[in-house]
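The shown structure was predicted, so the numbers you read here are calculated from the model rather than taken from an experiment. As a basis for the values below, the full set of heavy atoms in this structure was taken, side chains included, without hydrogen atoms, waters or symmetry mates.
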Amino acid sequence: MKRFFSILLIALTTICSAQKTEIYVIGNIHDSVPNYHPKILLGMLDKIGPDIILHEVDKKGMEDYAQGKNINENEVIASNLYSKKRPNTMRLPFEFEGRNQYRKDQGMVPTDNLTVKLIDSLYKAKQLTPKEAKIYEDFNALTQELMKIAEGAPEKFNNPSTDRIAEKRQESQYHELLKITDSRPEFSKRFVTKPNGEKISYKDGFKKMSGFWDLRNKTMAQKIYTIAQQHPGKKIVVLTGFLHRYYLIKELKKLNKQDFILKEFYD
C-alpha cells in the first residue's frame with residue numbers, strides 16, 4: 001500500500017509539474033539591427049513554442065497591430081510570423097493603458113528629454129558641481145556599457161548580469177539625476193505647456209516621469225501575473241524592451257505564489 005501511494009504521489013507531482021505555467025520574459029531591441037532582427041526572435045519563439053505572446057502595448061496598440069499599423073518593430077514582425085504558423089496563439093497587451101497620452105497630459109513629455117539635454121549642456125559647460133558631474137558621468141557610463149552589451153547575441157542582454165546593470169542605469173536616470181534637478185534653479189525656471197494649457201517646470205515634469213517608471217513597470221507586471229492566472233498551464237512569452245526586463249522579473253517574483261515558473265529562452 002505504501003508503495004502504491006508513493007507511485008501515486010510521483011505521478012501527481014509529474015502531472016502538476018507538466019501543467020505548471022511557464023513565463024519567459026524576453027528583453028528586446030525594438031528596431032532591427034544586424035545582431036537582432038525578426039528572424040532571430042522568430043527562432044527563439046519557435047524554440048519555446050508559446051501559447052500566449054504578450055506585447056508591450058496597450059489595447060489600442062494591439063488593435064493597430066491587428067489592422068496592420070505600426071508593425072515595424074522586431075517583436076511585431078516576429079510575432080506575426082509565428083502566429084501565421086500557429087494561428088491558435090493568443091496575443092495580448094500588457095502595457096499601462098494610454099501610456100503616451102498620459103505622459104503628455106501629466107507633463108512628463110517632453111520635460112524628460114529636455115531635462116537630460118539641459119543636464120548635458122550644463123555638464124559640457126562645466127557648470128555642474130563635482131558631485132553632480134559624477135552623477136551624470138556614472139549615468140553615461142552605464143548607458144554606454146549597456147549599448148555595448150546590446151551589440152551582442154540576445155543571450156548577452158537577457159541574463160541576470162545585464163539585468164543588474166540595467167537596474168543600476170535606470171536607478172541612475174530616475175533617482176540619481178533627481179539630485180541634480182531638485183537642487184539646481186535652472187530646472188525650476190524652465191517650463192513646458194501641457195495639453196490643457198497649464199505650465200510645468202522641467203523639475204516637476206522630470207520628477208513625475210521618475211515616479212511613472214515605477215508605476216508603469218509595476219502595472220505591467222501585475223497585468224502579466226493576472227493573465228498567467230487566467231491561463232494556467234500555458235507557455236507565456238513576454239516581449240519587452242530589455243531595460244524593463246529586470247523590473248518585470250523582480251515584480252513577478254514578488255507576485256508569484258508558486259503559480260508559475262520563470263524561464264529563459266535559452267534554458
Asker: Other members of the hydrophobic cluster containing Phe191, with the 4.5 Å side-chain heavy-atom rule, please.
Answerer: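 None, because no other hydrophobic side chain comes under 4.5 Å of this residue.
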
Asker: Establish, from distance only, whether the side-chain atoms of Tyr225 and Asp259 form a donor-acceptor pair under 3.5 Å.
Answerer: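 The answer is yes; a qualifying pair exists.
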
Asker: Could you check whether any side-chain heavy atom of Ile40 comes within less than 4.5 Å of a side-chain heavy atom of Pro154, counting everything from C-beta outward?
Answerer: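 Yes, at least one pair of side-chain atoms sits under 4.5 Å.
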
Asker: Check whether the side chains of Glu63 and Tyr65 place a donor and an acceptor atom closer than 3.5 Å, and report yes or no.
Answerer: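 No, Tyr65 and Glu63 have no side-chain donor paired with an acceptor closer than 3.5 Å.
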
Asker: Listed by chain and number, what are the side chain to side chain donor-acceptor pair (under 3.5 Å) partners of Lys254, not counting sequence neighbours?
Answerer: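 Partners of Lys254 under the side chain to side chain donor-acceptor pair (under 3.5 Å) test: Glu251.
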
Asker: Determine, stepwise, if the pair Tyr123 / Glu137 fulfils side-chain hydrogen bond (donor to acceptor under 3.5 Å, both in side chains).
Answerer: CA-CA 9 Å; Tyr123 175 77; Glu137 287 167 356; 2.7 Å; yes

Asker: Taking side chain to side chain donor-acceptor pair (under 3.5 Å) as the definition, give me every residue that meets it alongside Gln144, ordered by chain and number, with sequence neighbours left out.
Answerer: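 If we apply the side chain to side chain donor-acceptor pair (under 3.5 Å) test to Gln144, skipping adjacent residues, there are no hits.
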
Asker: Quick check for you: to the nearest 0.5 Å, what is the distance between Ile26 atom CD1 and Leu45 atom CG?
Answerer: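 One finds 5.5 Å between CD1 of Ile26 and CG of Leu45.
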
Asker: side-chain contact (heavy atoms from CB on, under 4.5 Å) with Met90: which residues, sequence neighbours excluded?
Answerer: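 For Met90 the side-chain contact (heavy atoms from CB on, under 4.5 Å) partners, ignoring immediate neighbours, are Ile52, Leu92, His231.
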
Asker: At what distance, to the nearest 0.5 angstrom, does NZ of Lys39 lie from CG of Leu42?
Answerer: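 One finds 9.5 Å between NZ of Lys39 and CG of Leu42.
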
Asker: Rounded to the nearest 0.5 Å, what's the gap from CZ on Phe260 to OG1 on Thr21? Could you check?
Answerer: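 Reported to 0.5 Å precision, the distance equals 9.0 Å.
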
Asker: Set out, in order, the CA-CA distance, both residues' side-chain angles and the distance that settles salt bridge (Lys or Arg N to Asp or Glu O under 4.0 Å) for Lys85 and Asp46, then state yes or no.
Answerer: CA-CA 10 Å; Lys85 293 192 287 185; Asp46 283 337; 2.7 Å; yes

Asker: Sequence neighbours left out, what passes ring-ring contact (aromatic ring centres under 6.0 Å, His included) with Phe157? Give chain and number order.
Answerer: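 Phe157 satisfies ring-ring contact (aromatic ring centres under 6.0 Å, His included) with Tyr36, Phe242 once adjacent residues are dropped.
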
Asker: Apply side-chain hydrogen bond (donor to acceptor under 3.5 Å, both in side chains) to the pair Arg190 and Ser201, showing each step before the final yes or no.
Answerer: CA-CA 6 Å; Arg190 285 172 171 79; Ser201 67; over 6 Å; no

Asker: So Asp58 and Phe96, do their side chains get closer than 4.5 Å, heavy atoms only?
Answerer: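 No - every pair of side-chain heavy atoms lies 4.5 Å or more apart.
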
Asker: Going by distance alone, is a donor N or O of one side chain under 3.5 Å from an acceptor N or O of the other, for Arg164 and Asn159?
Answerer: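 Checked: Arg164/Asn159 side chains show no N/O donor-acceptor pair below 3.5 Å.
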
Asker: Does the distance from a Lys or Arg side-chain N to an Asp or Glu carboxylate O, for Glu151 and Lys148, drop under 4.0 Å?
Answerer: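 Salt bridge: yes.
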
Asker: Judged by modelled atom types alone, do Arg169 and Thr143 share a side-chain donor-acceptor pair under 3.5 Å?
Answerer: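 Note: Arg169 and Thr143 side chains meet the donor-acceptor criterion.
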
Asker: Keeping to residues at least two apart or across chains, list the salt bridge (charged side-chain N to carboxylate O under 4.0 Å, His left out) pairs with something in residues 201-215.
Answerer: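 Sorted pair list: Asp182-Lys207.
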
Asker: Return the CD to CG distance between Gln222 and Leu252, rounded to the nearest 0.5 Å.
Answerer: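 If we round to the nearest 0.5 Å, Gln222:CD and Leu252:CG are 9.5 Å apart.
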
Asker: What are the two closest heavy atoms between Leu142 and Ser172, and how far apart are they?
Answerer: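 Minimum heavy-atom separation between Leu142 and Ser172: CD1-CB, 4.1 Å.
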
Asker: Locate the shortest heavy-atom distance separating Leu128 from Ile119; write the atom from each residue and the value.
Answerer: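 Of all heavy-atom pairs spanning Leu128 and Ile119, the closest is CD1-O, 4.1 Å.
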
Asker: Given Glu97, which partner from the list Lys60, Lys223, Lys59 fulfils the salt bridge (Lys or Arg N to Asp or Glu O under 4.0 Å) test?
Answerer: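 Output: one option passes, namely Lys223.
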
Asker: Contact between Leu146 and Leu243 at the side-chain level, heavy atoms closer than 4.5 Å - yes or no?
Answerer: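 In short, these two side chains touch, coming nearer than 4.5 Å.
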
Asker: When rounded to the nearest 0.5 angstrom, what is the spacing between CD1 in Ile48 and OH in Tyr82?
Answerer: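 That separation rounds to 8.5 Å.
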
Asker: Would Tyr246 and Gln170 count as having a side-chain donor-acceptor pair, cut-off 3.5 Å?
Answerer: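 Gln170 and Tyr246 do not have a side-chain donor-acceptor pair below 3.5 Å.
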
Asker: For the residue pair Trp213 and Tyr247, categorise the inter-ring angle as parallel (less than 30°), tilted (30 to 60°) or perpendicular (more than 60°).
Answerer: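 If you compare the ring of Trp213 with that of Tyr247, the planes turn out perpendicular.
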
Asker: Taking atom types as modelled and ignoring hydrogens, do the side chains of Thr240 and Arg245 form a donor-acceptor contact shorter than 3.5 angstrom?
Answerer: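 Arg245 and Thr240 do not have a side-chain donor-acceptor pair below 3.5 Å.
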
Asker: Check for a donor-acceptor pair, side chain of Asn74 on one end and backbone N or O of Asp31 on the other, with a separation under 3.5 Å.
Answerer: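 It does hold such a pair.
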
Asker: Using side-chain heavy atoms (C-beta onward) and a distance below 4.5 Å, is Leu122 in contact with Arg184?
Answerer: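 Side-chain contact under 4.5 Å: yes.
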
Asker: Output the distance between atom CG (Asp51) and atom CD (Glu22), rounded to the nearest 0.5 Å.
Answerer: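 That separation rounds to 9.5 Å.
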
Asker: Quick one, His175 with Ser210, criterion side-chain hydrogen bond (donor to acceptor under 3.5 Å, both in side chains). Give me CA distance, side-chain angles, the key distance, then yes/no.
Answerer: CA-CA 7 Å; His175 296 285; Ser210 298; over 6 Å; no

Asker: Which heavy atom of Ser183 sits nearest a heavy atom of Glu132, and at what distance?
Answerer: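 Heavy atoms only, the tightest pair is OG-OE2, 3.4 Å.
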
Asker: So, Glu75 versus His30: side-chain donor-acceptor pair below 3.5 Å or not?
Answerer: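 Yes - a donor-acceptor pair under 3.5 Å links their side chains.
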
